[in-house]
Structures are given as structure tokens and as C-alpha cells.
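Heavy-atom basis, side chains included; hydrogens, waters and symmetry copies ignored. Naming convention: chains lettered A, B, ... in sequence-line order (proteins, then strands); numbering from 1 in each chain. Keep in mind the model is a prediction, meaning the values are calculated, not measured.
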2 protein chains.
Amino acid sequence: MPGALGARAEGLAADLSAVSSLTLNRISIYLRCLRILSERGVRRISSQELAQRFHLSATQIRKDLACFGEFGIRGVGYDVPTLEQRLSELLGLDREHPLVIVGMGNLGCAFARHLEFNRRCFRVVGGVDVDPQTIGKRVGGLVVRPTRDLRRLVRETGAEIALLTVPPEAARQSYDALIEAGVRAILNFSPIRLPQQPGVKLKNVELRSQLEELAFFLRD
Amino acid sequence: MPGALGARAEGLAADLSAVSSLTLNRISIYLRCLRILSERGVRRISSQELAQRFHLSATQIRKDLACFGEFGIRGVGYDVPTLEQRLSELLGLDREHPLVIVGMGNLGCAFARHLEFNRRCFRVVGGVDVDPQTIGKRVGGLVVRPTRDLRRLVRETGAEIALLTVPPEAARQSYDALIEAGVRAILNFSPIRLPQQPGVKLKNVELRSQLEELAFFLRD
DNA sequence: CCATGTGAACAAATTCACAGCA
DNA sequence: TGCTGTGAATTTGTTCACATGG
């Protein structure tokens, strides 16, 4: 192991800001698999067996984990609860993240109810919309507020993450409002290309593209 | 240009099955940008300008397009309506794709209504659920049918694509049922790892992973 | 001329192969 | 012995730089 400054006993291999998006998404998947194993009472697992059970790649699991440190026991494998715990901490999932939803249409409401029901690390603390018909509606455990209250809502709740689920024509305006309100990470479900803002993490979920890729596969 | 067999005047550069998922998803994005330009009456655009307007990379646009053929006029740029048309055909978006939704909970209903409203190339022809409370409910223009009717539904409607939006514990069973019913492409929104089935395209949309990547970015 | 299209250079990600340690 | 962790090899993806041709 290189003598990286600040590396602990089960040392951190490299600086965390260099970890790729692909690796992070897979780590999140490994964590889900570990939770399932944990619930089933499995205490130890090798990368090989983890890969076989969940259709993953054993080498890739080990390489991905190597970005964060050393977690296994050579010749044995990984301790399931320990690895689950360590990965949760590394992803910042040991605390709850307050989250606001901008656009309480079909998709926004679905996420509000879904995350309400399945709350793990993320808590929906507010939802806003421009439509007077929608404002005031109860969805899950919250009441929809007007978009002009966004800044106040973010201040009050300390929300750092936002879901952007507005129609295309409102996307740019809502995005600017979110930046202005001071959120630090945005998951954009609208089909609009938004400019990166320094200090604010923007991720796009291109649902339409996913469907269109399937359509491409089906072309005869 | 290499003398590829079957290459037309604006020739196909290579075989389409080798095009990567990354390229396909970007082509889908370019297509959306072209539609916007088209609506605004823009008739010609260069890769440079397209990139600037929509926060893309000009070189990458040209490289991506090169997978499918030659579409531009050197020294000039691309004809917007023509390119839009050609890309639509290439992705198989010139015909409508019937689509079934398995799991009419929050997410399933949201997609049913969303695609109903915003129907372009994809038509929701049916939704199924196991919950007796949900069966029979009207969502958008359709009535939720029991999951045991899935096979018949797929046969009747010719659905080739399915959205899998069931809770985790039902995912594997529903997946097997979809394979059995004969759909050819599945977009899986459940957080369960499913095995690839030869001849059936499976894409996973990991919503949880996207959120967790944002959480990672926010770790202090 | 000027923007496309493309080989060549570069970078990133994945897989291989095996050293090293429990 | 057996599995982890990791350099080295390979594959895949992106960017550069420029020849090509309308």
C-alpha cells in the first residue's frame, strides 16, 4: 500500500474526488446487494460469490472497492455487515438528506410518495409547483407549496438536494431558481440540457433516451 | 469512405449492432435538440453551434453521427429537418411502439399518464398489477388488468417493450413472466439485479444510485 | 474558405494474471 | 490453500488535428 497521508489502518487508497461516476453507481448497487444478504443472515461473502449471485463482475467489485480502501480478508472474503456499514458511510448514507421536489405533476408526485414510503437516507421535506390547482394539495405527508416559496423552503428545511420534475418549458427557469435558492445537488428528469453550475452537482436522468435505446434494439 | 457492402450514397459507416449505448443515448439527445431547433424554424446548424446551444461537444456530435453515416455538408453544416428525420428513422422512432407497464403503483401510474400525455413513438397499451385494489382502476386511458393476464395482453397488443415498476420483492417473478410473455425489451426500474436473457434487451434505471451519487458529492 | 469526417493520439474503463497475505 | 488487492495488458471512449470536399 502506498504511504498516502491520512490513510487509516484499512487505509483509504486515493482521494475521493477522483472516483468516477460509474464506480459510484456500482458501489451503490453493491450496497443494495449487501443489504439483501444481510437481511438473509449471510455474514461472509467473496467477490466471486457476490458476482455470481447478483450478475456482477468479481474483478470489478474488487477494483471498485479499491478506490475507497481495503475491506476484505485475503483467502476469506468480506464481512457483510462491516462492508455494508463502511460503504454506507463512504457514500454519506449514514445521515438523512432532506430533499425538495420541484414540479408536482405525475412524476414529482410519484417520487414524493415513493420516497415517503421507502425512506432510506432521503427524506422529502417539500414539494413546489406553479399550478394553482396543484398548490395546497396533500401528497404523501406534505402539502404542495407555490414555486415562489422555493427559496424560503430550502432555507427552512436545509434541503441540499432537489428533484427537477417540471415540464420541459419550465425546466430552465426552475433550474435557475434552484441554483438561486442554494441547493447543492440536482437530479434533472426534464428532457432539457442545462448548463453546469460550479459547486452544484447536476445529474440528468434521460428516461426518453432509455426508451429510445430499446426502440433502436427492436429496429428490424 | 471504405467500400462497405450495401452502403448507400450517404452511406452507412459501419454495422449498427456495434454502436455503443453511450453513443445511442447521445444520439437521442441530439434528436431532442434538433426537434427544438426545428420548432423554432432553424433550418441549418453546424456541430459547433449545436454544441454551444445545448452544452454538448462538437467533436463528439460528429463522431457519434459517423457511426450511422454522413449527414452534413462540408463547409456548411447540417440540414435540421433532414437530420432530424434520418436520426428518427435510425432509432426506429418512425413507427409507434406499443408498451406495457408491469406494476401500477406510484411510478407505474406516473409513467402511464406521462406517456399518455406526451406520446411520441411510445404508446401505453396496457398496465397490470397483482393488487386486487388496483386491478380495474382507470389510469390515463387504460384499465389496470391482473398480472396473470400479462401473456394474453402482450399477444393481443403486440407489445414489444415493457416497463417494470413493481416493488423489489415482486421484480424477479414479474421479470420471468415478461420473458415468458414474449416481450423483447424491458426497462427495469426496480432495484433488483436481473439476469440477461438472450434476445431480450434489459436496461436498468437505477434511481436510487443516482440519488446516492448526489449524496456522495455532498459528503463533507 | 469553412465545417465535416476521420485517422491518430490520448484518456478512461475493464479485464487479465498473479503477487501477497490470512 | 484461496481470495484479496493490484500492476500490466487490453479494450473502449474521447479529443485532437487536419485532410477532404462542397
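A salt bridge between A:E70 and A:R86 is absent, with no side-chain N of the basic residue lying under 4.0 Å from a carboxylate O of the acidic one. Taking a cutoff of 4.0 Å between a charged side-chain nitrogen and a carboxylate oxygen, A:E49 and A:R53 qualify as a salt bridge. Under 4.0 Å is where a charged nitrogen must lie from a carboxylate oxygen, and between A:E213 and B:K201 at least one such pair does. Salt bridge annotation for A:R95-A:E160: present, with a cationic side-chain nitrogen under 4.0 angstrom from a carboxylate oxygen.
Atom CG of B:L65 is separated from atom P of C:dT4 by 9 Å (rounded to the nearest Å). Nucleotide C:dT4 holds its C1' atom 18 Å from the CZ atom of B:F68, rounded to whole Å. With rounding to whole Å, B:R74 atom CZ is found 14 Å from C:dA3 atom P. At whole-Å resolution of the value, CG in B:L56 and P in D:dG13 are 18 Å apart. What separates CD of A:E70 from C1' of C:dC21 is a distance of 10 Å, to the nearest Å. Per the geometry, CG belonging to A:L83 stands 15 Å off C1' belonging to D:dC3, to the nearest Å. Between the P atom of C:dT4 and the CD1 atom of B:I73 lies a distance of 10 Å, rounded to the nearest Å. The distance from atom CG of A:D79 to atom P of D:dC3 is 16 Å, rounded to the nearest whole Å.
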Protein N or O to nucleotides 9-14 of chain C N or O, pairs below 3.5 Å:
{"unit_1": "C:dT14", "atom_1": "OP1", "unit_2": "A:R26", "atom_2": "NH1", "d": "3.0"}
{"unit_1": "C:dT14", "atom_1": "OP2", "unit_2": "A:R26", "atom_2": "NH1", "d": "3.3"}
{"unit_1": "C:dT14", "atom_1": "OP2", "unit_2": "A:R26", "atom_2": "NH2", "d": "2.8"}
{"unit_1": "C:dT14", "atom_1": "OP2", "unit_2": "A:Q60", "atom_2": "NE2", "d": "3.1"}
{"unit_1": "C:dT14", "atom_1": "O5'", "unit_2": "A:Q60", "atom_2": "NE2", "d": "3.2"}

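In terms of position along DNA chain D, the nucleotide closest to A:V76 lies nearer the 5' end than the nucleotide closest to the other residue of the pair A:T59 and A:V76.
Of all the residues in residues 36-55 of chain A, A:S46, A:S47 reach under 4.0 Å from DNA chain D with at least one non-hydrogen atom.
Residue B:Y78 places at least one side-chain N or O under 4.0 Å from the OP1 or OP2 atom of C:dG5.
Residue-to-nucleotide contacts include no donor-acceptor pair under 3.5 Å from the side chain of B:R62 to the base of C:dT4.
Between B:L164 and B:L178, some side-chain heavy-atom pair lies under the 4.5 Å cut-off.
Considering only residues two or more places apart in sequence or on other chains, A:Q48 meets the side-chain contact (heavy atoms from CB on, under 4.5 Å) condition with A:S46, A:Q52.
Taking both residues in full, the closest heavy atoms of A:S38 and A:V80 are given as N-CG1, 4.0 Å, listed atom of the first, atom of the second, then distance.
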(Q) Run the side-chain contact (heavy atoms from CB on, under 4.5 Å) test on A:Y30 and A:L83 for me, step by step, so that the C-alpha distance in whole Å, both residues' side-chain angles and the decisive distance to 0.1 Å come before the verdict. (A) CA-CA 10 Å; A:Y30 305 154; A:L83 186 54; over 6 Å; no
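Note that A:R172 lies outside the cation-pi zone of A:Y175, set by a 6.0 Å cut-off to the ring centre and a 45° limit from the axis.
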